[in-house]
Structure formats: structure tokens, C-alpha cells
**Q** 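Pasting a structure here, questions to come.
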Amino acid sequence: MRKIATWLLACTLLSACGSTLKTAVKEGKIAPSFNDTLLEEDYLWVRGFGAANPNHVSDSQRRILSREAAIAHAYQRATEVLYGANLDTHVQVVDAVSVGSTIDSSAQGMIQRMELVETEYLEDGGCAVIMRLPRTYLKQAGLEPQEKK
């Protein structure tokens, strides 16, 4: 009986700890559905995606650059959740493909305290990352974001 109680307690604790963002990669591609942000009691979780220039010859170069783009995207999502979105974008689309798009990234303040938790690569060299920011930092800065209903 004691073993069963211990086992149930362990299962409960493991399920309580597993409430982070789930993977957005399925069979090497972007999954059909996933969450981009999750606001929990202890953390703000955000996901970012990035893709590298397919003209780069090296797999390593494509993976490194797609990871950097995914991290910049995650910073952008966190900023949108915390401060709202005021976006000025310039993207040229040619033959239904985005060209000439740029990402300027500079993380300041508490966003710099985000930690990279998971990195997943897609079969085409793209990347998905999951990052988190402890809510204690948000509270210290006087920010109390609310989960979207």
C-alpha cells in the first residue's frame, strides 16, 4: 500500500512539473497546432521559429542562423506579451515567397534574463526554440501579464 501511495505521489509531482510548452515539431516539420506562449504561476514561456537562407551551403551555417532567428522571434513574442505589440514591418513578397525581410534584435532589461530551455531543428534546417522568463523578474519590474482567455 505504501508503494502505491509513493508511486501516485511521484506521478502527481511529475505531471505538475510537465506543464511547459509542448513540442511544435512533428516528424521534422512544424506541427499542425501548438501554443506560442504560456503564462504559468512561475514562468512566462514563449516559442520562437527561425529559418535560414536556403542558399547557404553548410548545414551548420543554416542551423546556427535559424537558431539565432528563432531566439530573436522568441524575444519578440515575450515583448509582445509583456508590453503589447507596436510593429513596423517591411516585407517584400515575390512569387509568394518572403524576400528582403530583416529582423533587428536587441534584448534589453528583463528580457535579457530569458533562458533557452529547448532547441529543435526541422528537417529543412529551420529551428524552433522554447524560452522562459521567471515571473519573479516580472513582479520585481511591476509587470503582471494576464493569460489570454
**Q** Let me confirm one number: the CD1-CD distance from I71 to E68, rounded to the nearest 0.5 Å.
**A** 4.5 Å
**Q** Would you check if V46 and D36 make a side-chain contact, meaning some heavy-atom pair closer than 4.5 Å?
**A** no
**Q** So, for L122 and C127, which heavy atoms are closest and what is the spacing to 0.1 Å?
**A** CD1-N, 4.1 Å
**Q** A side-chain contact here means heavy atoms from C-beta on lying under 4.5 Å apart; do F49 and S66 qualify?
**A** no
**Q** Please give me the minimum heavy-atom distance between R62 and A52, naming the atom from each residue.
**A** O-CB, 3.1 Å
**Q** Any idea which heavy atoms bring R135 and L44 closest together, and the distance?
**A** CG-N, 4.2 Å
**Q** Treating Ile, Leu, Val, Met, Phe, Trp and Tyr as nodes and any side-chain heavy-atom pair under 4.5 angstrom as an edge, say whether Y121 and I130 lie in one connected cluster.
**A** no
**Q** Does the side chain of M131 reach to within under 4.5 Å of the side chain of W45, using non-hydrogen atoms?
**A** no
**Q** Please report the interatomic distance CZ(R77) to OG1(T37), rounded to the nearest 0.5 Å.
**A** 7.5 Å
**Q** Find out whether E115 and Y43 are in side-chain contact, i.e. whether some heavy atom of one side chain is under 4.5 Å from a heavy atom of the other.
**A** yes
**Q** Atom CZ in R63, atom OG1 in T119: separation rounded to 0.5 Å?
**A** 9.5 Å
**Q** Would a single hydrophobic cluster contain both V117 and L38, if residues Ile, Leu, Val, Met, Phe, Trp and Tyr are joined by side-chain heavy-atom contacts under 4.5 Å?
**A** yes
**Q** What heavy-atom pair brings V129 and A74 nearest, and what distance separates the two atoms?
**A** CG2-CB, 4.2 Å
**Q** State whether the side chain of H73 and the backbone N or O of G50 hold a donor-acceptor pair below 3.5 Å, judged by distance alone.
**A** no
**Q** Cluster question for you: counting only ILVMFWY and a side-chain heavy-atom cut-off of under 4.5 Å, with indirect links fine, are L143 and M114 together?
**A** yes
**Q** Kindly determine whether L138 and L133 satisfy side-chain contact (heavy atoms from CB on, under 4.5 Å), including the steps that lead there.
**A** CA-CA 8 Å; L138 302 179; L133 181 63; 3.6 Å; yes
**Q** Taking all atoms of both residues into account, what is the closest heavy-atom pair of R113 and Q140, and its distance?
**A** NH1-OE1, 3.9 Å
**Q** For the CG atom of D42 and the OG1 atom of T136, what is their distance to the nearest 0.5 Å?
**A** 8.5 Å
**Q** In the single-linkage hydrophobic clustering (I, L, V, M, F, W, Y; side-chain heavy atoms under 4.5 Å), do L116 and L65 co-cluster?
**A** no
